[in-house]
There are 2 protein chains.
Amino acid sequence: MMTPDRPLRSDAARNHELLLDAAEIEFEAKGPDVSVLDIVRRAGVAKGTFFRHFASKDDLIAAIVGKHIGALIDVAEHLEGAEDAGAALLQFLTVASAQREQYDVSFLLRAGESDDRVSGVRTRLYDSVSVLVDNARTAGAIRTDVTATDVILLMCAPNHVVEYLPSPAPDLWQRYLAIIFDGLRPAGAHQLPVPAPNDAL
Amino acid sequence: MMTPDRPLRSDAARNHELLLDAAEIEFEAKGPDVSVLDIVRRAGVAKGTFFRHFASKDDLIAAIVGKHIGALIDVAEHLEGAEDAGAALLQFLTVASAQREQYDVSFLLRAGESDDRVSGVRTRLYDSVSVLVDNARTAGAIRTDVTATDVILLMCAPNHVVEYLPSPAPDLWQRYLAIIFDGLRPAGAHQLPVPAPNDAL
DNA sequence: TACGAATGTGACCCTAGGGTCAACTTTCGA
DNA sequence: TCGAAAGTTGACCCTAGGGTCACATTCGTA
């Protein structure tokens, strides 16, 4: 990442983009455990170049995660004023799942404390989802006992469960999102046995 | 594992148990990525001993997973004749989550093809869950469009989402199981957008 | 164009972790 | 009791992968 005091040299700026793009593709294809070597090969640069641009592999991940979550926050903020609050929340969850980067959330929640960029973004996401959840609750679109933390945690389940299949249909996550979202609805909701976790996201 | 043609020598039998027990504890504590060294240290034996008892680390995992899934199958088969089919399915899912070994399922589904022990167990689990699901559907306890594969996939979500939290309450998974199970109920169910995957478990 | 600073390069280092093996020790039956 | 088969041991091998660094290259400017 690095916030350059002076602008990057032209070749450096290009390589930075190449690395980011390559990393995104590789992560998508092989999950968060791709090797730096794979990324570097795809980008067409040498390993040393990678570490000139990113302090570590985790630093790269933080950069990408920050970008994705940032995009997600934009979506959420856009939806804050929607007329149909229930549809807005579902829309948000759909976009989140469609991004397909379920490791985002895991990284967001794990590595958050140690990385300033990520922890700031995390707070913003939480705040924005809170608004969507509150709106949906007020509108009677979801049960009253569900919190933003619940939603953020459940957000990644559709993509995750699908990964258990050897070759899942690319839109299968929609099926499980639909089921889980039905579970969030007030109709026929049963008492939840355990209180929500602290919002200590 | 090895199916001993002749019975194990007494010390070998003891070490086998020690390894299995140690592995179970280590997996529980550190997830499926514990090193063989950690397991071996806890068991109090040398590394070489490990590999006399198990052909590979995956072999050990297969042994443990087989054991867990076997126990789960027993539970499922016990519940097949229950009067309240809906409660029986919920009960099954509760036991599955309480086992807390969500990697079981992932291993079961991934490594299944390459391991005879696991693939046999996998089929039995699928069959038994099918019965529970069919019973529950017939009883009107779950929506009609949900399959055994759906249930098996969703089975591990409660434990998984909870893992995103730095220190989740030990019973928090019950909250998410309740939400997801409500999503499986027929009351207020919305049309699912994508067909179920092939039952090619 | 020429020079210094910024950047790129890839050989190299280090560690972790799975797996092997020849020598040593224990078990157990005759 | 004793010897062979079964089991144990830990030093060793190998690979993958993250990260470093001295040197080569390129950019941008005077």
Side-chain angles (χ1 to χ4, degrees), chain A residues 1-27 29-65 103 107 110-111 114-115, chain B residues 1-27 29-65 103 107 110-111 114-115:
Chain A
M1 207 50 157
M2 46 190 54
T3 335
D5 306 6
R6 289 175 291 189
L8 282 178
R9 226 171 67 178
S10 63
D11 54 345
R14 186 166 37 84
N15 282 339
H16 195 87
E17 281 312 305
L18 285 174
L19 281 168
L20 242 21
D21 292 350
E24 198 119 13
I25 295 174
E26 290 291 320
F27 277 131
K30 303 175 196 160
D33 288 336
V34 262
S35 70
V36 170
L37 221 78
D38 284 343
I39 296 172
V40 145
R41 254 198 298 262
R42 176 175 296 269
V45 301
K47 218 173 160 191
T49 303
F50 180 100
F51 288 101
R52 181 173 289 283
H53 286 268
F54 303 98
S56 66
K57 193 186 171 185
D58 274 356
D59 189 48
L60 192 236
I61 298 185
I64 294 188
V65 167
Y103 62 83
F107 188 87
R110 268 188 301 107
S114 51
D115 190 307
Chain B
M1 208 44 157
M2 47 190 56
T3 333
D5 306 6
R6 287 176 292 187
L8 282 179
R9 224 170 69 176
S10 63
D11 54 345
R14 186 166 38 84
N15 283 339
H16 195 86
E17 281 310 305
L18 285 173
L19 280 168
L20 242 22
D21 292 349
E24 198 119 10
I25 294 174
E26 290 291 319
F27 277 132
K30 303 174 196 160
D33 289 335
V34 262
S35 70
V36 170
L37 222 76
D38 283 344
I39 295 172
V40 145
R41 254 199 297 264
R42 176 175 294 271
V45 302
K47 219 173 158 192
T49 303
F50 180 101
F51 288 101
R52 175 170 287 276
H53 286 268
F54 303 99
S56 66
K57 192 185 171 184
D58 274 355
D59 189 48
L60 192 235
I61 298 184
I64 293 188
V65 167
Y103 62 84
F107 188 88
R110 268 188 299 108
S114 51
D115 189 308

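Note that the coordinates shown come from a computational prediction; the quantities given were computed from them, not determined experimentally. Because only heavy atoms are used, hydrogens play no part in the values below, and waters and symmetry mates are left out as well, while side chains stay in.
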Give, for atom CG of B/L18 and atom OG1 of B/T49, the distance between the pair rounded to the nearest 0.5 Å. 10.5 Å
Please write out each protein N/O paired with an N/O of nucleotides 2-4 of chain D under 3.5 Å, distance rounded to 0.1 Å.
none

A/N15 side chain N/O closer than 4.0 Å to the phosphate oxygens (OP1, OP2) of C/dG8? yes
Listing time: all N or O pairs from protein to nucleotides 19-23 of chain D that are below 3.5 Å?
residue : atom : partner : partner atom : Å
D/dG19  : OP2  : A/K57   : N            : 2.9
D/dG19  : N7   : A/K47   : NZ           : 3.3
D/dG19  : O6   : A/K47   : NZ           : 2.3

Spacing of NZ belonging to A/K47 relative to CZ belonging to A/R41, to within rounding of 0.5 Å: 10.5 Å
Rounded to whole Å, CZ of A/R14 lies from C1' of D/dT25 at a distance of 13 Å
Calculate, to the nearest 0.5 Å, the distance between atoms CG and CD1 belonging to A/D59 and A/I64 respectively. 10.5 Å
Rounding to an integer number of Å, can you tell me how far A/L37 CG sits from D/dT15 P? 16 Å
Derivation and outcome, side chain to side chain contact (heavy atoms under 4.5 Å, CB included), residues A/L60 and A/L20: CA-CA 8 Å; A/L60 192 236; A/L20 242 21; 3.7 Å; yes
Aromatic ring proximity A/F54/A/H16, centre distance under 6.0 Å: yes
If only side-chain N and O atoms of A/H16 are considered, is one of them under 4.0 Å from the OP1 or OP2 phosphate oxygen of C/dT7? no
Contact under 4.0 Å: B/S10 side-chain N or O vs C/dT26 OP1/OP2: no
What's the separation between atom CZ in B/F50 and atom CG in B/N15, rounded to the nearest 0.5 Å? 12.5 Å
Side chain of B/A12: nearest nucleotide among D/dG10, D/dG7, C/dG8? D/dG7
Separation of atom CG in A/L8 from atom P in C/dA5, rounded to whole Å: 18 Å
Ion pair present between B/R14 and B/D11, side-chain N to carboxylate O less than 4.0 angstrom? no
Nearest-nucleotide check on DNA chain C, B/D33 vs B/R9; residue mapping nearer the 5' end is B/D33
Rounding to a whole Å, what distance do you find between A/I39:CD1 and D/dG17:C1'? 12 Å
Atom-pair distance (CG on A/L18; P on C/dT7), nearest Å: 15 Å
A/K57 side chain to A/S35 main-chain N or O, any donor-acceptor pair under 3.5 Å? no
Of the listed C/dG8, C/dG17, C/dT26, the closest approach to the B/S35 side chain comes from C/dG17
Please report the distance, rounded to the nearest Å, between CG in A/D11 and C1' in D/dT26. 6 Å
Pair B/D58, B/I61 - check side chain to side chain contact (heavy atoms under 4.5 Å, CB included), show working. CA-CA 5 Å; B/D58 274 355; B/I61 298 184; 4.1 Å; yes
B/F54 CZ to D/dG7 P, in whole Å, measures 13 Å
